2 protein chains.
Amino acid sequence: MREAAARLGYVYDRSAALMRSGKSHTIGLLVCEITNPFYAELTAGVEEALDDAGYVTMMANTSESVTRQRRMLERFREQPVDGVLIMPATGTPPGLANELLSWGVPHATVVRGFRRGAHAGPDNRAGTRLATEHLLTLGHRRIAFLGGAAKNPVSAGRWEGYARTMAKAVLVPEHLPCQTDIGQAAQMVQELPLRGPTALVCFNDSVAFGALLGLQRSGRMAGRDVAVIGFDDVREAAFWYPPLTTVRVAPRVIGQAAARVLLHRITNPEAEPLREILPATLVIRDSCGANLRKAV
Amino acid sequence: MREAAARLGYVYDRSAALMRSGKSHTIGLLVCEITNPFYAELTAGVEEALDDAGYVTMMANTSESVTRQRRMLERFREQPVDGVLIMPATGTPPGLANELLSWGVPHATVVRGFRRGAHAGPDNRAGTRLATEHLLTLGHRRIAFLGGAAKNPVSAGRWEGYARTMAKAVLVPEHLPCQTDIGQAAQMVQELPLRGPTALVCFNDSVAFGALLGLQRSGRMAGRDVAVIGFDDVREAAFWYPPLTTVRVAPRVIGQAAARVLLHRITNPEAEPLREILPATLVIRDSCGANLRKAV
DNA sequence: CTGAAAGCGCTTACAG
DNA sequence: CTGAAAGCGCTTACAG
């Protein structure tokens, strides 16, 4: 029937259907920085899962701009969409969670979360704990944490995983603050004193790449002179020189979980919001020196 | 007025407005592979420009699946959107252009184009011409072209720029086919005979990264033993070891041009479709050996 | 179970 | 120039 109608040039009008039924089968997705491969991969996971559930994804890239995020959110509200998946831009006021609640728009946070409400993200604390424990096993004592701002829950979680593991080993945690940027991290590491830390737990892979670069520039080599561990396992991690040991959190899996959590919110508005914390695993390559040690 | 209404809880309903006016102020964007940093950056450029023009971007990632592309396109038609921006998935039948035309949906292609119709993309031919000329200037004679499938216009254009420049220098062009993938390219280059090409013009940066890796694995070094030039200038290009000499085509600028071309199509449906071919420039870093030469 | 009518919230064309 | 009414194409609730 619809087949035949289509042949005659008929096209189903979703906007009319939406107006009458109030269901758009569209989800708004707010990405904090699409040019970051980690978030790009995550976005692909979200879209895949929503597509399977019969939803279409309306994506907007906020480029870490709170203003742009606000505008897109209002736009989603007017559209309207059936739900919003949000990776909050840096500097998002915590009050946003309550505002979204008062709007009555089902929503879930991804990776960067609010204290409460539907959420899907990696186990940040377990990730840096695994990394730190691995370095301790390799015999390191002067282990520093490179990067991270500590103001947001992601940084806080990763710092905690590291700092608590250090404390448990009766060692003093050390924070080397720097921007989440290859160039900045490289600068920081390049200027590190010779008798400084022998191992670095990095906030994420970008920072770790910078560390690799900074070591190289100062004539040192990751894995041999200083152990480096990243966080995320972006695709490039395996291809860097040396290949990066890092904490894998599978962005695509997080994306799928986020879609699930939001859809649960939509279908069960009265139920307690789901919070899915996804496991982190350590991927051992060369930058931590473990393979080098084995070879000797 | 609207301010006051908003305070009372009123939310403008775009779906109603759309139904009456037929204008959605929404553009559908079909991305062939969002996890490729080049396309991610391009997407950000499109969105930025459309946002400035008062349009919202509805993005869908096809992951190079023609089936998914078809479904999203039909969805966009039903939605409806005011126009579609498409980076065709590999294997898209050329007939799609006519079909879109018959649907009456304004559209433009990005990067990968059809023979006719609105389009924005890099000057592929000029890009590889610049790369090849640079290698010739550095004294190379055995220059090969690595990667690219030649079935699509992008590959064809890049191959032509290389092959014609070689022919002009009375040299025989050589094609080393491989998948557009770091691992595949690395394998290919690793197995290259010692008396093989002394320089490689690569289909894109991913392939070039693979070449760098393959050389490293076989104990050779890009820039010193074999010159390597990429295409795209993705963000990582400057940070690889050695830093990659590559053809810059500024994905963000292409994205902005694509938005412009589509909006022109929407506002001037009777006018000839615009085709914007954006300039390519050569960014000289270390992988081509030019800096090494200077230092000696 | 089937079919005609009402109505979603806007914009637009028309009457006053 | 202002204001009330019609209508966009669906879905839904209701009458037959």
Side-chain angles (χ1 to χ4, degrees), chain A residues 1-28 50-58 60 70-84 99-107 262-263 265-270, chain B residues 1-28 50-58 60 70-84 99-107 262-263 265-270:
Chain A
M1 166 62 198
R2 203 136 129 190
E3 286 273 314
R7 215 161 303 145
L8 293 167
Y10 167 80
V11 180
Y12 178 76
D13 184 333
R14 264 172 215 283
S15 68
L18 161 60
M19 185 164 70
R20 187 62 183 93
S21 71
K23 300 263 150 278
S24 66
H25 289 276
T26 299
I27 299 293
L50 286 178
D51 183 51
D52 287 348
Y55 283 83
V56 78
T57 307
M58 185 133 174
R70 165 115 231 137
R71 187 145 39 90
M72 292 315 300
L73 228 31
E74 275 164 10
R75 182 72 202 241
F76 283 155
R77 192 190 182 195
E78 296 178 349
Q79 200 75 21
V81 296
D82 290 350
V84 174
E99 198 167 13
L100 283 170
L101 225 56
S102 77
W103 286 4
V105 179
H107 67 275
L262 178 63
L263 292 176
R265 192 95 204 91
I266 293 172
T267 34
N268 311 298
E270 302 306 322
Chain B
M1 166 64 198
R2 201 135 133 193
E3 286 275 313
R7 215 162 302 145
L8 293 167
Y10 166 80
V11 180
Y12 178 77
D13 184 333
R14 267 172 211 284
S15 68
L18 162 60
M19 186 165 68
R20 187 62 183 91
S21 71
K23 300 264 148 280
S24 67
H25 289 275
T26 299
I27 299 293
L50 286 178
D51 183 50
D52 288 346
Y55 283 83
V56 78
T57 306
M58 186 132 173
R70 166 115 229 136
R71 187 145 38 87
M72 292 316 300
L73 228 31
E74 273 164 11
R75 183 70 202 243
F76 282 154
R77 191 188 183 198
E78 295 178 349
Q79 198 75 19
V81 295
D82 289 350
V84 174
E99 198 167 13
L100 283 171
L101 224 57
S102 77
W103 284 5
V105 180
H107 67 275
L262 179 63
L263 293 177
R265 192 94 205 91
I266 293 171
T267 33
N268 311 299
E270 303 305 324

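All of these numbers come straight from a predicted model, not from anything done at the bench. By convention in this document, chain letters (A, B, ...) are assigned in the order of the sequence lines, proteins followed by strands, and residues within each chain are numbered from 1.
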**Q** Using atom C1' in both nucleotides, what's the gap between dC10(C) and dA13(D) to the nearest angstrom?
**A**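 To the nearest whole Å, 23 Å.
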**Q** Can you give one letter per nucleotide of nucleotides 2-11 of chain C, going 5' to 3': B for a protein heavy atom under 4.0 Å from the base, S for sugar-phosphate only, - for none?
**A** -----BBBBB
**Q** Taking side-chain hydrogen bond (donor to acceptor under 3.5 Å, both in side chains) as the definition, give me every residue that meets it alongside Thr26(A), ordered by chain and number, with sequence neighbours left out.
**A**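 Counting only residues at least two positions away or on another chain, Thr26(A) forms no side-chain hydrogen bond (donor to acceptor under 3.5 Å, both in side chains).
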**Q** When rounded to the nearest 0.5 angstrom, what distance separates CG in Leu18(B) from CD in Gln79(B)?
**A** 8.5 Å
**Q** Quick one: does Asp82(A)'s side chain have a donor or acceptor within less than 3.5 Å of a partner on Ile27(A)'s backbone?
**A** no
**Q** Side chain to side chain contact (heavy atoms under 4.5 Å, CB included) with Ala17(B): which residues, sequence neighbours excluded?
**A** Tyr12(B)
**Q** Could you list the residues that satisfy side-chain hydrogen bond (donor to acceptor under 3.5 Å, both in side chains) with Arg265(B), not counting sequence neighbours?
**A**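 With neighbours one apart ignored, the set is empty.
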**Q** Looking at OG1 of Thr57(A) and CE of Met58(B), how far apart are the two atoms once the value is rounded to the nearest 0.5 Å?
**A**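 If we round to the nearest 0.5 Å, Thr57(A):OG1 and Met58(B):CE are 8.0 Å apart.
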**Q** Are any of the side-chain heavy atoms of Tyr55(A) and Ile266(A) separated by less than 4.5 Å?
**A** yes
**Q** Could you pull out all residues at least two apart from Asp51(A) that satisfy side-chain hydrogen bond (donor to acceptor under 3.5 Å, both in side chains)?
**A**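 Scan of Asp51(A) (side-chain hydrogen bond (donor to acceptor under 3.5 Å, both in side chains), adjacent residues dropped) gives Arg68(B), Arg71(B).
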**Q** Write down the distance separating the C1' atoms in dG9(C) and dC14(D), rounded off to the nearest Å.
**A**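 Here dG9(C) and dC14(D) have their C1' atoms 22 Å from each other.
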**Q** Could you give me the stems involving DNA chain C, meaning stretches of three or more consecutive Watson-Crick or G-U wobble pairs whose two defining distances are both below 3.5 Å?
**A**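 Consecutive-pair runs (3 or more) involving DNA chain C: C:1-3 with D:14-16, C:5-12 with D:5-12, C:14-16 with D:1-3.
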